[in-house]
Amino acid sequence: MSSTHLSIAITGAGGAGVISCGELLLQAWARLGGRGLLRKAYGPQIRGGESAALLKLTEDERYTAADHYHLLVALDWDNFSRFEDEIQLGPDTWVLCETGAEIPAAVLALQPHVLEVPMAELAKSAHPDGRVNMLALGLLGGLLGLPVDSLCQLAQQKLARKAEAYQDAAVASIRSGCAQSLDCELHPPALGDTGTWYLSGNQAAGLGALEAGIRFVAAYPITPASDVLEWMAGGLEQVAGQLVQAEDELAAINMTIGAAFGGVPAFTATSGPGLALMSESIGLAVASETPLTVFNVMRGGPSTGIPTKSEQSDLNIALHGLHGDAPHLVLAPLDIADCVFTTGWAVQLAQQLQTAAIVLSDQFIGQSTAVVSEPRRCAAIASAPAEPSAGGDYLRYKLTDSGISTVASPGDVDQRFTADGLEHNEKGTPSAKHSDHQQQLQKRQDKLEQFDYGEQWAALSGSGPVAIVSFGSSSAAAAEAAVQLSASGTPARTIALRLLAPLQTDALAQALAECERVVVVEQNHGAQLYRYLRGQMDFQQPLHSYAMAGPVPLNAKHIAQFVAEVSAV
Amino acid sequence: MNNAVQLKAKDYKSAVKPIWCPGCGHFSVFNAITKAMAALAISKDDTVMISGIGCSSRLPAYVDSYGFHGVHGRGLAIAQGLKVARPDLTVMAMGGDGDGFSIGGNHFIHACRRNVNMTYIAMDNEVYGMTKGQASPTTPMDWDHSKLTPHGPGVRPFKPAALALASGAPWIGRAYSGNPNQMAKLIAQAVEFEGFSFLHVMSQCITFCPEQTDWKAIVHERGEPALTDADEAAKLFLHEDGFQTGLLYSERRATWPPESAVPQSEDALGQLAASFRV
């Protein structure tokens, strides 16, 4: 018997290897044609804190976080209470844990099926250095019917840089686990086609950026964006690009400006606090018309907030955080696979429109890994015809119909100019004249507003009298809610915004045609998207806000209930 | 790169007129830069002047090369990003003491440490001129001309050369706005040096610090070959009066970034994508 999904939580102390266990399990599952999502939950303490691999094996690729777990594998119970909000258990949950370990009263109170396995002893007898996490991987592989050889091979691949004895211990532990027979009933979902990819949103963004031409990255580490930069460090080496680890975010953003001024497509990644530090110089990129992409992986804020967990609360700063009138691009990838497309699109738009693009991902899609069909790519944007420039009298900021001027880079013969954050005339010479200011402000606005962004501004789906509008990662929960609503007789359409600025108001109004009600879904406390939309256009329908702060993921059932309630009034 | 004809210093000046006050030391730095460019017969198209904000940071627009006038304190970051991305270019960054040692202090020490092959000219007049005369990190402790610190800053001034040395700068020189010929020679040497070259220029601001006209009597050439030993240089920079000019310290050190040893493949992007296939 198969079901639509199977949720498995693997928990343990930080450093116990629960994430590795989850990753190997999902990869082996993917090799059979399975689909699934692995969400990673960490505390702030790297070793000895708490961590959880939250798996959801599914039939399709509409990846929302699980809101109920069929199986909990507790390698230990240290700090388990910190996950109480995130790992929902019930009487139908199987709890697999170490024999004799003291199970928290809060877990026992839910009356789950408890399966005690002497994991430490089994691992030890399999190999003197046997690992409990690999033993658990074997147990899980056995329960799901995964080929033991596949698990062992994936583990060896992952541990390739470790000593041979370490690999042997892992393999022996996996084999021992697989050989156990457990009295536990699980219903994995049906398998699909093979030929899939397995990656995180942060890796997908890095790939999208490199494929779109990024060849320079300036990096300052910050959770949860560091792994974009780490992946790109390796990737850039392969394509003759450069990565500089900067001394701070102020340096990182300005280094990207320098490289981009040199004609080399440039990129940096950060999270909320880093974006705040970068904001002044993003304004410089706007004023000097220097293209760059800032990939912001959102986490709980403000201030240090909840750095390891997800939230969509940097929308305000991304939209409004620049000083002066500074039109720029703001985009958001809709899911893990879409990080390839949207990042690639952002890079190309920034280049084409000679401005800054801020891309809003978040910890949920950034650090989760998933099995996905080969990601869609962003086709190359055809360059606008360059306006001819008179030799020797080059006007870097020439006023044109499109607002786009030709760009020269250092090294180009006789096109010398000084880029400036001071207001300037067409040539780039500093000017405080009202007419120059007015013309350059208008030009920088025109080039963004007159550009044809095509169909990609949003992903539209379904039809019905209710529209659920979302941006970025909340779109998966919104889509799932729409499916549930349609199944219960309230058809709903979804509008998942990929391009937030400039907002495509005409297209959005058209997508809302004959719609009776709009529900705006987002993962933050301040209803930032809802307020932004209200400020940008007049809606013909009532507009409702469903805004929930992180770090608990948005829940499709709750969204569907909310939509049903406001529709019934 | 139309340098078939030998260019003179004035040929390296753009049509933009400087905003500096009459008597400003920065005119002299500007002249010295263009003289050095002429002496090196440097290509205008392949040279970039980069700055932050302040009186001295206005300089890039006055040179007929490529330029970038950025935001306060970040010129060195822009310059390093550009040079790393475009190693074929000659990159010179410049700015004042407030820009370089206060708001941009972190970039200064890390630029010294990183050793990207470029030149940084700090035009030090011990004052924030553009905001009308506040104390900077190099202002004397008892300088009481600013309404912001009416009793003087009361804080020991930085010793920029000592700071540069401690941070790992491999080339440290000092020049004086009253001696543009020596300065031009030092700038040419700095540009030719393979690595991060830091030229500290005492550039007077007679508007807010008229007492700096006295520098003429204090400044003296060191007149000895540059030190190559960091210990000796440390002693020099900690104990000197801060007014000796010349190339003070120079050592060869590996520049950043190193040449890549990673083999390049034509299908590198395809291989990166393929690494995600299950």
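Proteins get letters first, then strands, A, B, ... in listed order; numbering begins at 1 in each.
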Choice from D64(B), I109(B), I53(B) maximising heavy atom contacts with chain A below 4.5 Å: D64(B)

Residue among N106(B), V48(B), L89(B), V16(B) with most heavy-atom pairs under 4.5 Å to chain A: N106(B)

Contacting region of Y198(A) [heavy-atom separation from chain B under 4.5 Å]: both

Chain B contact via L210(A) - side chain, backbone, both or neither, heavy atoms under 4.5 Å: both

Inter-residue atom distance E211(A).CD - F341(A).CZ, 0.5 Å rounding: 12.5 Å

Option among W20(B), Y12(B), F27(B) that satisfies the ring pair (Phe, Tyr, Trp, His ring centres under 6.0 Å) test with Y62(B): W20(B)

K433(A) (side chain) donor-acceptor with N425(A) (main chain) under 3.5 angstrom: no

Best-contacting candidate, Q271(B), R113(B), Q264(B), against chain A by heavy atom pairs under 4.5 angstrom: Q264(B)

Spacing of CE belonging to M130(B) relative to CD1 belonging to I19(B), to within rounding of 0.5 Å: 3.5 Å

Which atoms of R396(A) approach chain B - backbone, side chain, both or neither, heavy atom under 4.5 Å: neither

Closest-packed option against chain B by number of heavy-atom pairs under 4.5 Å, given T429(A), T196(A), T194(A): T196(A)

R86(B), part contacting chain A, at a heavy-atom distance under 4.5 Å: side chain

Most contacts with chain A, counted as non-hydrogen pairs under 4.5 angstrom, among K83(B), H72(B), R58(B), E266(B): R58(B)

Proximity breakdown for E247(A) and chain B, heavy-atom pairs closer than 4.5 Å: both

Aromatic ring pairing F108(B)/Y120(B), orientation class (parallel under 30°, perpendicular over 60°, tilted between): tilted

Structural part of P257(B) lying under 4.5 Å from a heavy atom of chain A: side chain

Interchain contact, A273(B) with chain A, by part (heavy-atom threshold 4.5 Å): both

Parallel, tilted or perpendicular, as decided by the 30° and 60° cut-offs, for the rings of F193(B) and W171(B): tilted

Which atoms of V264(A) approach chain B - backbone, side chain, both or neither, heavy atom under 4.5 Å: side chain

Distance in Å, L395(A) CG paired with T406(A) OG1, rounded so as to fall on 0.5 Å steps: 8.5 Å

Contact origin within P430(A) toward chain B - heavy atom pairs under 4.5 Å: side chain

Pair Y220(A), T270(A): side-chain N/O donor-acceptor within cut-off below 3.5 Å: no

Straight-line distance of D248(A) CG to R74(B) CZ, nearest 0.5 Å: 7.0 Å

Under 4.5 Å from any heavy atom of chain B - which part of L32(A): neither

Structural part of S288(A) lying under 4.5 Å from a heavy atom of chain B: side chain

Main-chain N/O of L236(A) paired to Q242(A) side chain as donor or acceptor, under 3.5 Å: no

Pair E280(A), H323(A): side-chain N/O donor-acceptor within cut-off below 3.5 Å: no

Which atoms of T256(A) approach chain B - backbone, side chain, both or neither, heavy atom under 4.5 Å: neither

Side chain, backbone, both or neither of A218(A) within contact of chain B (heavy atoms, under 4.5 Å): neither

Closest-packed option against chain B by number of heavy-atom pairs under 4.5 Å, given L250(A), I253(A), T290(A), L154(A): L250(A)

